[in-house]
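Take a look at the structure set out below.
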Amino acid sequence: MNDIRTIALVAGVLLLLSGVTGVGQFLKRHPDRGIDAAAVRTFNMRIRGWWVLCTVLAAAFWLGSTATVTLFGFVSFWALREFITLTPTRKGDHRALFWVFFLFTPLHYVLVGLNRYDIYSVFLPVYATLFVLARAAVAGDYKRFLERTAKIQAGLVVCVYCLSFAPALLELRVSRGPEGLSQLSSRDANFRLLFFLILLVQFADCMQYVWSRMLGQRLVAAAVSSNRTWEGLLGSATSTALLAAVLWWAAPPFQPWQAAIVGLVVAVMGFAGGMTMSAIKRDRGVKDYGTLVVGHGGVLDRIDSICFAAPVFYHMTVLVIGS
Amino acid sequence: MLAPADMPTLPRDKSVSRSTLCKITGLGLAGVARLLAGASIRWIASQPDTCQRVYFANHTSHLDALLIWASLPRLVREITRPVAAKDYWSRGALRRWLAEEVFNAILIDRTDIKVHQSPVDLMLRQAGETRSLIVFPEGSRSTSGEVGEFKSGLYYLAKKRPEIELIPVHIDNLNRVLPRGEFLPVPLLSCISFGPPLWLERDESKLDFLARARRAVLSLKE
C-alpha cells in the first residue's frame, strides 16, 4: 500500500462509510424525522453489509490475488447452490450436478487463477455445457430435457463464469506507468481496478433505488420488479457515470471520459442483472434467495448486478489497454 | 408383553463409555453433514430440550437421520438415538461402527419382525427413561418426494409411553442432496423444521392419530 492513489481510495471509502454510518445511526436515534422506520432499518442493514464487504475484500486483497480468486470461487459456489436449489431439477441431473459443483466450478477458478484466458473463456460455456447435456442424456431421463439442462447452464454462466471475470481483473497487466514501477504498486493497481468495479456496481444499485424513490413514475416491467423504473435506471446510469469520471484516477487504464462510459455501462448491466434475477425469483414465487432458506443471507441477491457487470467491465478494460 | 417402563434399566450405557474418537467423529460428521447439505434449522413454535422425546420425520434420503441428529444442539444430540435399519447399517465394519458407536443408533431388523420382539418394544427398551429417539414412520424412503402414509409403529410408541413428547420434523430438499440410489452428494441447500410436540389424545383411533401426525409433518413444509 505504498501507492498514493491506493491510500487515497482507502481513505475515501473509510470516510464515506463512516459518514453514512453516522447518518444511519442518527436516523435510527431520531425516529421523529418523518422517515419510514423500515427504510431506515434497510438502510442500516445495507451499511452493515458494506462494512462486511469492505472488510472481507480488504483482507482478501491483503492476502494476495490467490486468496481473492479463492474468495470469489467460494462466493460462486454458494451462489450456484442457491440458484440450483431454487430451480427444480430431476433425479436424472444428479450426476451432472455433482461434477458441475465439484469439478467444473473449482477447475474454472483454478484456470482463472493461472490466468489461462484462452482456456477458461470457453471452458464453462462450451465444455461444461456439452458435458451437462451428454451426462443428462446418458442418465436416461428425457423429460423436459432442454429446460433442465438450460437451467444448469444458466446457473453456471451467471453464478460462476460471469462472476469470475471480477477476480480475473487481477491478472491483467494494467499499469502503463513509467518504467521501473515496482511490482507491488502494479498489483495495487489491479486491486484498485477490481474495487472500482465493485464500488460502481454498489453505487449504481443504490442510485437506482434512490432515483426510483424520488422520481420513479414508469415501471420497466411491473410483473417482474415493482421498484425498478426507467427514471431510476436513467438516474443511476448518469450518477454512476459521473462518479466513475470523478474517480478515474483510481482505475489505472482509464481516461475520465472512458471511465464515464464504463460507469454508464456498469450501471446498465447491473440493472439487467437485477431484472434477470427478479424474473427467475418471480417465476419460482420467492421474494429473495435468502427467504428460501432462513438464516442464509441470500448471496445471489447480493451479487446479481456484479455478475452481469463483471464480464463487460473486464472486456472494456482489455479494449482500453489494447488501444 | 411387558410394558417397557417395567423393564429393568439396561446395564450398559453406551454414551458414557463412548471413546473420544467416537465423539470427535460424531462432531466432525455433524459439521460436515450440515455444511454439505447447507442445512438451515428452524424450530417452529418449539424449542430444543433434553427431555425425553421422539422425533418423527419424513424419510427422503440416507442423510436424514444424520442430519436431524446433527441439527440438534450438542447436549440434546448426546441423548438422542436414531432408529435405523439393521440390514443397511450393519453391512460392513465401518457402517456398523458408525451406527453403533458414533451415532449410538438403535438398529431394527426390518426383515425379521416377531411378535414377542416387536420393534417398538425394542426401541422403548433401548430408550429407557431418558433417551430420545429419531424415527421415520414411513418405514422407507419415498421415491416420489411425497410424504407417504405412516406405519403404525408411531401409534404404538405413543400408546405405550403416552407422556413422551412427539416432535414432528420436516426435511426439505435433502432428497435432492442425496437421492435414493446415489452415493455422491450435490451440495444444495436443505431445511430441517422442528414443530411443536403432540401427544396421543384420549380415545383417538390409530388411523386418526397417524393422519394427524402426518399432517403435523406436512404443515412444517411452509
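Chain identifiers are assigned alphabetically (A, B, ...) following the order of the sequence lines, protein sequences preceding nucleic acid strands; residue numbering begins at 1 within each chain.
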Do Thr68(A) and Leu63(A) have side chains that get closer than 4.5 Å, going by heavy atoms? no
Specify whether Phe136(B) and His59(B) have parallel, tilted or perpendicular ring planes, treating 30° as the upper limit for parallel and 60° as the lower limit for perpendicular. parallel
Carefully, step by step, assess Arg96(B) and Ser90(B) under the rule side chain to side chain donor-acceptor pair (under 3.5 Å). CA-CA 5 Å; Arg96(B) 200 176 323 128; Ser90(B) 59; 5.3 Å; no
Neighbours of chain B found in residues 88-102 of chain A - heavy atoms under 4.5 Å: Pro88(A), Thr89(A), Lys91(A), His94(A), Arg95(A), Leu97(A), Phe98(A), Phe101(A), Phe102(A)
Is a donor from one side chain sitting under 3.5 angstrom from an acceptor on the other, for Thr60(B) and Asn58(B)? no
Consider ring pair (Phe, Tyr, Trp, His ring centres under 6.0 Å). Of Tyr127(A), Tyr120(A), Phe72(A), which one does His108(A) pass it with? Tyr120(A)
Under the salt bridge (Lys or Arg N to Asp or Glu O under 4.0 Å) definition, can you give me all pairs with a residue in residues 52-66 of chain A, not counting sequence neighbours? none
Take atom CZ in Phe74(A); do more than 12 heavy atoms of anything else shown fall under 6.0 Å from it? no
After noting the C-alpha distance and the side-chain angles of Ser76(A) and Tyr109(A), does the key distance pass the side chain to side chain donor-acceptor pair (under 3.5 Å) rule? CA-CA 9 Å; Ser76(A) 275; Tyr109(A) 269 91; 2.6 Å; yes
Closest heavy-atom pair and its distance - Leu36(B), Arg81(A): O-NH2, 3.0 Å
If you measure only the distance, is there a donor-acceptor pair under 3.5 Å linking the side chains of Asn175(B) and Ser61(B)? no
Are Gln208(A) and Arg228(A) close enough that a side-chain donor and a side-chain acceptor fall under 3.5 Å? no
Which label fits Phe194(B) and Tyr55(B): parallel for a plane angle under 30°, tilted from 30 to 60°, or perpendicular past 60°? perpendicular
Under a 4.5 Å heavy-atom criterion, the part of residues 142-162 of chain A in contact with chain B comprises none
If we only count heavy atoms from C-beta on, is the Lys28(A) to Asn44(A) side-chain gap below 4.5 Å? yes
Contacts with chain B made by residues 45-54 of chain A (heavy-atom distance under 4.5 Å), listed by residue number: none
